[in-house]
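Taking it in order: structure first as structure tokens, then the write-up.
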Amino acid sequence: SFVRYLVAMLFAIVSAALAMLFVSGRFANWVVAKFAFDNPDQVNDLHVAVFMGANLAALLLGWVIGWMAGGVVAGRDADA
């Protein structure tokens, strides 16, 4: 239903935004610190890849949680 998709999208947006602000940068810095590099471009490439990957993971996790929460809301509306 429309409500389920709406809730899922809202959860996905919020979780991706929170991850971008508070988690992804720190996680990317931690991963990059674990490796030795020959070229500064390699540092940047890995940092960007990990940062974007963490944001994508947060987006997908938020979507799944929102989809489940939306199912509860949509089911409650259908019973009424």
Side-chain angles (χ1 to χ4, degrees):
S1 84
F2 173 76
V3 173
R4 191 170 196 179
Y5 281 101
L6 181 64
V7 171
M9 285 188 281
L10 291 175
F11 270 71
I13 290 168
V14 169
S15 68
L18 290 174
M20 183 179 60
L21 293 173
F22 300 113
V23 178
S24 298
R26 291 180 184 147
F27 181 63
N29 289 337
W30 177 77
V31 169
V32 167
K34 298 287 181 189
F35 294 96
F37 299 97
D38 298 328
N39 186 340
D41 289 338
Q42 294 173 328
V43 176
N44 188 49
D45 291 345
L46 180 61
H47 192 276
V48 168
V50 172
F51 184 83
M52 294 305 292
N55 288 337
L56 179 62
L59 181 78
L60 295 174
L61 181 65
W63 176 270
V64 169
I65 293 170
W67 185 258
M68 291 186 295
V72 172
V73 171
R76 187 175 49 212
D77 289 345
D79 293 339

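Side chains included, hydrogens not; waters and symmetry mates left out as well; all remaining heavy atoms used.
- The local environment of CZ in F37 is crowded, with over 12 non-hydrogen atoms from other residues, nucleotides or ligands closer than 6.0 Å.
- The CG atom of L61 sits 11.0 Å away from the CG atom of L56 when rounded to the nearest 0.5 Å.
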Open item on the list: Could you go through F11 and W67, starting from their C-alpha distance and side-chain angles, then the distance that decides it, and tell me whether this counts as side chain to side chain contact (heavy atoms under 4.5 Å, CB included)?
Closed with: CA-CA 8 Å; F11 270 71; W67 185 258; over 6 Å; no
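- Of all the heavy atoms in G70 and V7, the pair that sits closest is N-CG1, 3.7 Å.
- The hydrophobic clustering, which links ILVMFWY residues whose side-chain heavy atoms are closer than 4.5 Å, places V3 and I65 together.
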Could you list the donor-acceptor pairs under 3.5 angstrom formed between side-chain atoms of residues 21-35 and any protein atom two or more places apart in sequence or on another chain?
unit_1 : atom_1 : unit_2 : atom_2 : d
S24    : OG     : A19    : O      : 3.3
S24    : OG     : N55    : OD1    : 2.6
R26    : NH1    : F22    : O      : 3.3
N29    : OD1    : H47    : NE2    : 2.8
N29    : ND2    : G25    : O      : 3.2

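- Taking each heavy atom of L59 and A16 in turn, the nearest pair found is CD1-CB, 3.9 Å.
- Between the side chain of S15 and the main chain of A58, a donor-acceptor pair closer than 3.5 Å is present.
- Using a 4.5 Å cut-off between side-chain heavy atoms of Ile, Leu, Val, Met, Phe, Trp and Tyr, F51 falls into a hydrophobic cluster with M20, V48, M52.
- Here the side chains of V72 and M68 are not in contact, with every heavy-atom distance at 4.5 Å or above.
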